[in-house]
There are 2 protein chains.
Amino acid sequence: MVLPRAARTQRRTRIQEEKEERILEAALEVFSLHGYRGATVDQIAEVAGMSKPNLLYYFRTKEAMHRALITRVLDTWLDPLREFDALGNPVAEIRSYIRRKLEMARDFPRESRLFANEILQGAPNIEDELKGPLKALVDEKAAVIRSWAKAGKIAKCDPYHLIFSIWSTTQHYADFDVQVRAVLGQENAGDGRFEDAARFLEQLFITGLEIHDPAN
Amino acid sequence: MVLPRAARTQRRTRIQEEKEERILEAALEVFSLHGYRGATVDQIAEVAGMSKPNLLYYFRTKEAMHRALITRVLDTWLDPLREFDALGNPVAEIRSYIRRKLEMARDFPRESRLFANEILQGAPNIEDELKGPLKALVDEKAAVIRSWAKAGKIAKCDPYHLIFSIWSTTQHYADFDVQVRAVLGQENAGDGRFEDAARFLEQLFITGLEIHDPAN
DNA sequence: TGTAATGTTTACCAACCGGTCAAATTATCG
DNA sequence: CGATAATTTGACCGGTTGGTAAACATTACA
């Protein structure tokens with residue numbers, strides 16, 4: 001009998017795990033490159049190296065595939081922000097947050113583009129995730145930053161917009177990679193632009209947030 | 001006889017100007033919301049208030065429409081950077097550049113999203129524009145910024161990444177509007193977030209780039 | 001006003017796309 | 001092995017999409 005994926009309650013087969021992994025990997029590749037509408041099931045199937053009906057045996061619809069992919073990626077995507085430590089040294093925490101985010105832009109550009117595509121198109125599938133868990137996490141960290149500012153450890157600033165600006169500057173190197181490369185020119189073929197970006201962003205944010213001559 | 005748009009060499013009719021204007025306006029609306037693949041010609045025709053064949057009488061293909069739209073918008077999109085004045089006061093120039101870009105994110109979010117979509121998908125249609133005119137303009141302004149740094153008027157920094165970070169932070173409020181709203185919550189329904197962002201970004205960039213006690 | 005050029009519409013098509021079905025193949029396990 | 005369940009495939013389907021053909025309507029202008 002044919003039992004589509006959603007109906008299986010028992011333990012998952014080795015084959016199931018392997019195939020679902022391969023499918024999500026292929027889906028990430030295709031969705032991140034063409035967006036939800038732009039991606040076709042045939043394309044994903046081809047990248048995954050299997051036939052379309054076979055793929056649809058594991059994920060019954062294109063949307064189910066996309067949903068599974070988003071939820072999986074969103075979780076790991078927020079890890080850097082979760083590591084933000086209220087007890088650590090403020091300047092050091094912000095610096096390492098920037099560095100972590102930039103490393104993710106370098107190492108997981110497809111994941112970044114997947115989200116960018118999703119948000120750009122109005123986030124039809126993850127609006128609840130944004131207003132719920134994401135907002136809660138940001139609220140929590142914003143409170144931490146605000147307390148640092150009040151304690152005089154960093155300059156006073158709007159913590160939400162600080163977070164937004166860290167997100168945007170770092171993810172820019174994944175989402176707008178084509179533009180960055182075009183402007184920097186051929187000579188920046190390697191990962192050098194990420195190191196340059198790290199230097200610049202550290203300077204910008206750290207200097208911009210430091211307390212200057214607090215006593216005088 | 002039917003002479004499609006591309007073949008017309010003579011002066012354009014009043015009707016042509018009106019209709020092409022309406023079409024490009026509708027195309028901007030739809031493309032910016034759904035991306036190239038996600039947009040349909042029927043949708044654009046409906047928004048433009050005309051039949052699909054009628055629309056295709058002015059732009060023979062969907063791609064031609066998209067190309068026309070991109071070229072037109074790209075030109076005005078770069079105006080703020082062009083206004084960057086080498087002879088002005090460095091700090092004031094950077095401040096007003098940030099403000100102009102933020103105003104564009106507020107007043108022309110569709111244009112911003114159109115580009116974001118295009119770049120995200122690998123900029124298949126405008127790669128030449130990026131590597132040519134855009135790069136040339138950025139190179140020119142980067143040289144200006146570098147000269148300011150050398151003259152000790154602003155802190156030393158990579159001018160390219162400075163420009164990138166201004167682009168990304170400001171455009172973020174157009175491209176990721178849904179996320180920004182979700183995180184900030186309902187109370188920020190108006191344009192308040194743009195004023196908050198302006199204050200924050202000015203503080204960040206100006207403080208981050210000022211020369212601190214150069215003499216001491 | 002007459003007429004040729006321009007503009008608009010209805011009906012249509014071929015390609016594509018997400019998804020189904022039933023049959024065939026392969027893995028699992030007593 | 002034998003049988004039952006899980007997996008894979010080719011053929012197919014209805015709806016959508018970009019685009020066309022040709023008849024019809026309107027405008028510009030001598």
Side-chain angles (χ1 to χ4, degrees), chain A residues 1-24 26-27 29-31 33-70 121 124-125, chain B residues 1-24 26-27 29-31 33-70 121 124-125:
Chain A
M1 198 217 280
V2 178
L3 268 191
R5 180 176 182 279
R8 287 188 301 248
T9 55
Q10 309 288 13
R11 192 147 47 98
R12 286 160 65 212
T13 320
R14 170 186 51 85
I15 293 184
Q16 283 170 31
E17 292 202 20
E18 279 180 20
K19 289 296 168 70
E20 287 176 11
E21 183 58 39
R22 262 171 59 192
I23 291 172
L24 287 183
E29 182 73 27
V30 178
F31 278 132
L33 208 57
H34 301 106
Y36 181 76
R37 272 298 293 280
T40 73
V41 178
D42 293 87
Q43 252 180 319
I44 299 173
E46 195 192 329
V47 173
M50 59 181 78
S51 68
K52 181 170 65 168
N54 194 10
L55 184 152
L56 288 168
Y57 171 74
Y58 292 99
F59 295 91
R60 282 191 298 187
T61 66
K62 182 186 180 183
E63 200 201 321
M65 240 172 53
H66 190 247
R67 212 174 13 239
L69 184 59
I70 290 262
Q121 325 246 320
N125 294 321
Chain B
M1 196 217 281
V2 178
L3 271 190
R5 181 176 181 280
R8 287 188 300 248
T9 54
Q10 311 287 13
R11 191 148 47 99
R12 286 159 65 213
T13 322
R14 170 185 52 86
I15 293 185
Q16 281 170 33
E17 292 203 20
E18 278 180 19
K19 290 296 168 73
E20 286 176 11
E21 182 59 37
R22 262 171 58 192
I23 291 173
L24 288 182
E29 181 72 26
V30 178
F31 278 133
L33 208 58
H34 302 106
Y36 180 76
R37 271 300 293 281
T40 73
V41 179
D42 294 89
Q43 253 179 319
I44 299 172
E46 195 192 327
V47 173
M50 59 180 80
S51 69
K52 181 171 66 168
N54 194 10
L55 184 152
L56 287 168
Y57 170 74
Y58 291 98
F59 295 92
R60 280 190 301 188
T61 66
K62 181 186 180 183
E63 200 200 321
M65 241 171 52
H66 190 246
R67 212 177 9 242
L69 184 59
I70 290 262
Q121 325 244 322
N125 293 321

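Numbers restart at 1 for each chain; the letters A, B, ... are given by sequence-line order, proteins then strands.
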Quick one: [X] [atom1] to [N] [atom2], roughly how many Å, whole number?
X	N	atom1	atom2	result
B/L55	C/dG7	CG	C1'	13 Å
A/K19	D/dT8	NZ	C1'	8 Å
B/R60	C/dT6	CZ	P	14 Å
B/E17	C/dG7	CD	P	11 Å
A/Y58	D/dA6	OH	P	11 Å
B/H34	D/dT16	NE2	P	16 Å
A/E18	C/dA27	CD	C1'	13 Å
A/M50	C/dT26	CE	P	17 Å

Would you say the side chain of [Y] lies within less than 4.5 Å of the side chain of [X], judging by non-hydrogen atoms?
X	Y	answer
B/R37	A/T40	yes
B/Y36	B/M65	no
B/K62	B/F31	yes
A/L24	A/F59	yes
A/Y57	A/K19	no

Measuring to OP1 and OP2 of [N], would you say a side-chain N or O of [X] lies under 4.0 angstrom away?
X	N	answer
A/Y57	D/dT7	yes
B/N54	C/dG7	no
B/S51	C/dT9	yes

Under the side-chain hydrogen bond (donor to acceptor under 3.5 Å, both in side chains) test, which residues partner A/R67, sequence neighbours left out?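 Scan of A/R67 (side-chain hydrogen bond (donor to acceptor under 3.5 Å, both in side chains), adjacent residues dropped) gives A/E63.
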Which pair of non-hydrogen atoms, one from A/V30 and one from A/A39, has the smallest distance, and what is that distance?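 Closest approach of A/V30 to A/A39: CG1-CB, 3.5 Å.
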Can you check each nucleotide of nucleotides 11-18 of chain C against protein heavy atoms at under 4.0 Å and return B for base, S for sugar-phosphate only, - for none, in 5' to 3' order? B-----SB
